[in-house]
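The structure appears right after this line, and notes come after that.
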2 protein chains.
Amino acid sequence: MSGPKKSRPSSGRATVKTISESAGVAASTVSRALRGDPRISQETRERIAKIAHSAGYTPNALAAGLVTRRSGVIGLVVGRLENPFYAELIERLHEVLAARGKRAMVLHVGGTALDEETMRAVLKYQMDGCVIAAAPLDSTAAAICDQAGLPMVMINRVARVHSSAVSCDNQAGGRRLGELLIGGGHRRIAFVAGRADTSTSEQRMRGLGEALATAGLSRFAMVRGSYSYDSGFSAARNLVSGTIRPDAIFAANDIMACGVIDALRTLEIAVPDEISVVGFDDIRPARWASYRLTTIAQPMERMVDRALDLLDQRLGDPSLPGEDVQIPGALKIRDSARLPSGMARDAGEEMPATAIVPAD
Amino acid sequence: MSGPKKSRPSSGRATVKTISESAGVAASTVSRALRGDPRISQETRERIAKIAHSAGYTPNALAAGLVTRRSGVIGLVVGRLENPFYAELIERLHEVLAARGKRAMVLHVGGTALDEETMRAVLKYQMDGCVIAAAPLDSTAAAICDQAGLPMVMINRVARVHSSAVSCDNQAGGRRLGELLIGGGHRRIAFVAGRADTSTSEQRMRGLGEALATAGLSRFAMVRGSYSYDSGFSAARNLVSGTIRPDAIFAANDIMACGVIDALRTLEIAVPDEISVVGFDDIRPARWASYRLTTIAQPMERMVDRALDLLDQRLGDPSLPGEDVQIPGALKIRDSARLPSGMARDAGEEMPATAIVPAD
DNA sequence: CTGAAAGCGCTTACAG
DNA sequence: CTGAAAGCGCTTACAG
């Protein structure tokens with residue numbers, strides 16, 4: 001029958017309890033008032049809000065999350081930040097999450113495989129879901145989220161079991177670039193692929209293949225890179241080392257295209273006069289004067305918005321099936337590729353959502 | 001005298017309680033065993049570990065954090081990710097944090113000012129501290145962390161009240177680059193500054209000033225940029241528009257230096273034959289064939305390690321005073337600057353920790 | 001070496 | 001419209 005134990009020295013911060021005391025109401029009333037529960041009278045709500053504000057009250061998300069099983073935290077898995085595409089993605093993702101009152105917690109960065117240990121942080125912090133934006137296909141993340149019943153959305157890759165996915169229409173984009181090159185008079189179009197375990201590279205290449213087939217052509221060559229600048233650089237050196245050179249190089253992403261252009265520059269091969277180069281993504285350096293890359297811009301903003309919508313919906317109703325969303329990209333015409341006659345550079349045209357059927 | 005209320009449907013996950021039941025011990029014993037408390041017998045510890053593992057137990061960090069007032073989360077404020085320096089920093093920071101069993105939560109990204117609302121997330125999620133790596137000086141973050149008694153460390157900027165800071169020895173680096181340029185025969189050295197409210201730009205410029213003064217020279221010109229590619233590009237156009245041109249341009253960071261080089265390339269001014277260019281940071285693109293930038297490499301790995309050490313120490317003992325750590329950078333000699341005769345490119349020499357006193 | 005109990009700061013049925 | 005109470009899943013004095 002000992003007295004109450006002494007509580008640990010508190011941080012001195014205001015809590016629902018301290019506020020309820022100064023307001024002369026119950027803690028539950030404070031909680032409801034602060035969350036805008038309409039059952040609490042307007043007057044009480046305002047009074048409590050005022051007190052909370054002047055006490056510098058900040059709710060403890062850990063305590064709230066413990067009860068609600070919602071932390072307001074989204075886990076983030078992104079590819080190597082050497083690729084500015086992922087850096088831009090983080091920036092945008094953070095912005096949209098913040099606007100929605102949520103926060104991003106970094107789970108994994110880089111090209112290495114996800115281990116289970118890493119994904120456990122999702123459970124540990126009761127995350128509300130995760131966004132996977134690393135190109136390599138990997139199922140550890142899917143397995144953990146699925147087991148925890150957590151929504152998960154892929155960006156820039158295809159969906160896996162029980163996940164949604166948002167990506168650019170890579171195939172249409174690849175086709176569009178293929179058509180542009182063919183229209184520009186190129187006949188020996190080589191492809192610098194990304195890692196073999198990525199859907200984006202495959203889809204972009206398939207689009208190129210379609211354009212080639214329609215024109216009665218076939219791919220001149222294919223070299224596999226790893227989505228890095230260096231791999232684009234080496235790939236280009238390989239491609240031009242033979243006796244017959246390609247007259248155009250389509251790199252599966254922009255950062256490799258930058259490597260391609262630099263390799264050609266080093267070899268004093270003129271771009272686009274001798275060899276045209278196109279990429280995919282529209283990363284910042286694609287606009288730099290050294291590259292002026294003709295490419296497909298991924299609709300980053302819409303992709304992120306859409307991805308977080310999918311996540312939100314599935315957090316509300318976990319039984320919702322996964323969706324696979326494709327958003328058309330936009331062709332950016334700059335200076336790295338010879339154009340069909342009559343087509344102006346910088347005419348940045350929006351890609352149509354549906355397949356382009358060349359008018360014979 | 002009603003019966004116990006029904007608890008909300010639990011997630012079905014294992015908890016200390018479910019484990020304590022299957023092990024036939026108290027919850028407190030499970031907690032201690034799992035945390036490796038030496039008071040629990042080896043045998044019991046192992047038995048509990050086994051049960052926990054086979055139950056797929058993952059501790060709930062929210063619950064633990066609520067009690068311990070430690071969340072294992074570090075808040076991150078970084079500058080605009082257009083600058084690969086910050087992207088690399090995130091990558092490295094995440095890596096080291098993960099190795100220490102902690103996680104990074106993104107607080108703010110970009111060049112805009114920190115608002116109080118953002119920094120409140122630090123309190124909301126009971127973060128263990130934060131890392132501020134945005135160049136602009138801003139005191140909101142410092143104020144919030146200080147009020148909460150949280151440790152905070154700046155990377156790439158000077159300390160503020162109650163914070164520690166880790167940065168490259170910017171002044172020595174600036175001096176080193178200045179000496180290199182002067183030794184290479186340059187006499188009209190212009191500086192492209194970063195934002196006025198940043199310490200890094202000022203320190204690098206001061207270092208350059210010292211080198212110039214020692215050689216009896218003064219700065220040829222100064223143009224202010226904003227640490228972006230575009231601002232470097234415009235700055236270079238301004239600098240060469242007059243009748244007397246600089247023979248060297250020192251940009252306060254690499255991304256501006258890339259813009260400078262591209263502007264000169266566009267104007268068909270040869271680098272380094274007509275104008276030498278140097279930068280600071282050693283970001284990835286500095287190594288790209290289009291730039292081959294002579295620059296000072298910031299010791300990113302050591303900076304991050306040191307910063308997190310400082311944070312850890314202050315989390316253990318909040319009374320510790322702030323420290324200001326400067327780590328020497330390393331000169332990277334590439335192709336963007338003419339060299340003193342006899343000095344080889346790529347000789348990447350380590351910068352000395354102490355000031356260089358030129359031997360008359 | 002282990003257990004029973006209190007409590008971290010919230011939220012939410014339940015009752016009125 | 002509001003309150004009292006239970007509980008989320010941990011950890012940690014306290015007691016033995």
Side-chain angles (χ1 to χ4, degrees), chain A residues 1-21 23-48 52 55 57-72 123-126 148, chain B residues 1-21 23-48 52 55 57-72 123-126 148:
Chain A
M1 217 69 90
S2 59
K5 295 184 182 176
K6 258 177 289 169
S7 69
R8 219 155 308 146
S10 87
S11 61
R13 270 170 62 180
T15 65
V16 285
K17 184 141 174 290
T18 64
I19 293 177
S20 72
E21 281 159 2
V25 296
S28 43
T29 301
V30 172
S31 174
R32 290 187 187 110
L34 260 21
R35 320 193 72 232
D37 189 318
R39 288 178 305 178
I40 305 295
S41 73
Q42 177 82 12
E43 186 198 323
T44 311
R45 259 190 283 166
E46 281 170 5
R47 195 164 56 87
I48 291 177
Y57 175 68
T58 306
N60 184 327
L62 268 40
L66 188 56
V67 180
T68 61
R69 297 171 183 294
R70 289 245 193 309
S71 59
L123 305 178
K124 203 172 152 192
Y125 288 97
Q126 299 268 45
Chain B
M1 218 67 90
S2 59
K5 294 186 182 173
K6 260 175 288 165
S7 70
R8 221 154 308 145
S10 88
S11 63
R13 271 169 60 180
T15 66
V16 285
K17 184 140 175 290
T18 65
I19 293 178
S20 72
E21 281 160 3
V25 296
S28 44
T29 302
V30 172
S31 173
R32 291 188 186 108
L34 259 20
R35 321 194 70 232
D37 189 319
R39 288 178 304 178
I40 304 296
S41 74
Q42 177 82 14
E43 188 196 320
T44 310
R45 260 191 280 166
E46 282 170 4
R47 196 163 56 86
I48 290 177
Y57 175 68
T58 306
N60 184 328
L62 267 41
L66 189 56
V67 180
T68 60
R69 297 173 183 292
R70 288 245 193 310
S71 60
L123 305 178
K124 202 173 152 191
Y125 288 98
Q126 298 269 43

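Worth saying up front: this structure is predicted, and the values here are computed from it rather than measured. Note on naming: letters A, B, ... go to the chains in the order of the sequence lines (proteins, then strands), and numbering restarts at 1 for each one.
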* To do: Could you tell me the separation between the NZ atom of A/K17 and the C1' atom of C/dG7, rounded to a whole number of Å?
  => 11 Å
* Give a yes or no on whether a salt bridge exists between A/R47 and A/E43, defined as a side-chain N under 4.0 angstrom from a carboxylate O. => no
* To do: Decide yes or no for B/T18 and B/T15: does some side-chain heavy atom of the first lie under 4.5 Å from some side-chain heavy atom of the second?
  => yes
* Indicate yes or no for a side-chain donor-acceptor contact from A/S20 to the backbone of A/K17 under 3.5 Å, with no hydrogens or angles considered. => yes
* Asked: A/Q126 CD to C/dC10 P: how many Å, rounded?
  -> 17 Å
* Asked: Is B/T29 near enough to C/dG3 that one of its side-chain N or O atoms lies under 4.0 angstrom from OP1 or OP2?
  -> yes
* Structure fact -> When rounded to whole Å, the CZ to P distance for the pair A/R69 and C/dC10 reads 18 Å
Pairs under 3.5 angstrom only: tabulate donor-acceptor contacts from the side chains of residues 57-67 of chain B to other protein residues two or more places apart or in another chain.
unit_1	atom_1	unit_2	atom_2	d
B/T58	OG1	A/R120	NH1	2.6
B/N60	OD1	B/L62	N	2.8
B/N60	OD1	B/A63	N	3.2

* Output the distance between atom CG (A/L34) and atom CD1 (A/I48), rounded to the nearest 0.5 Å. => 7.0 Å
* Structure fact -> Against the side chain of A/V25, the closest entry in D/dG3, C/dC8, C/dG9 is D/dG3
* Whole angstrom value for the distance that separates C1' of C/dC10 from CG of A/L62 -> 10 Å
* To do: Would you write the dot-bracket representation of DNA chain C, where each base gets (, ), [, ], | or . depending on whether it forms a Watson-Crick or G-U pair under 3.5 Å and with which partner?
  => |||.||||||||.|||
* Look at the side-chain N and O atoms of A/T44 and state whether any lies under 4.0 Å from the OP1 or OP2 oxygen of D/dT2. => yes
* Within the structure shown, what part of the strands sits under 4.0 Å from B/R32 by heavy-atom distance: base, sugar-phosphate, or nothing? -> base
* **Atom-to-atom span, CG of B/L34 to C1' of D/dG9 - whole angstrom** => 13 Å
* Asked: Rounded to the Å, how far apart are A/N60 CG and D/dC10 C1'?
  -> 13 Å
* Taking only N and O in the side chain of B/R35, is any of them less than 4.0 Å away from OP1 or OP2 of D/dT11? -> yes
* Asked: A/Y125 side chain N/O closer than 4.0 Å to the phosphate oxygens (OP1, OP2) of D/dG9?
  -> no
* Asked: With sugar-phosphate meaning primed atoms plus P, OP1 and OP2, does A/S31 contact a base, only sugar-phosphate, or nothing at under 4.0 Å between heavy atoms?
  -> base
* Asked: Contact class for A/S41 (heavy atom, under 4.0 Å): base, sugar-phosphate, or nothing?
  -> sugar-phosphate
* Side-chain donor or acceptor of B/R32 paired with backbone N/O of B/D37 under 3.5 Å -> no
* Asked: Contact class for A/S28 vs. all strands (heavy atom < 4.0 Å): base, sugar-phosphate, or nothing?
  -> base
* To do: Write down the atom of B/P38, the atom of B/R45, and the distance for their closest heavy-atom approach.
  => CA-NH2, 4.0 Å
* **A/Q42 vs B/P59, nearer the 5' end of DNA chain D by closest nucleotide** => A/Q42
* Asked: Which nucleotide in the list C/dG3, D/dG3, C/dG7 gets nearest to the side chain of B/A26?
  -> C/dG3
* Just compare C/dT2, C/dC10, D/dG3 and give me whichever is closest to any side-chain atom of B/R39. => C/dT2
* Roughly how far, to the nearest 0.5 Å, is the CD atom of A/E46 from the CD1 atom of A/I40? -> 13.0 Å
* To do: Round to the nearest Å and state the distance from A/I40 atom CD1 to D/dT2 atom P.
  => 5 Å
* Asked: Could you state the NZ-P distance from A/K124 to D/dG9, rounded to the nearest angstrom?
  -> 17 Å
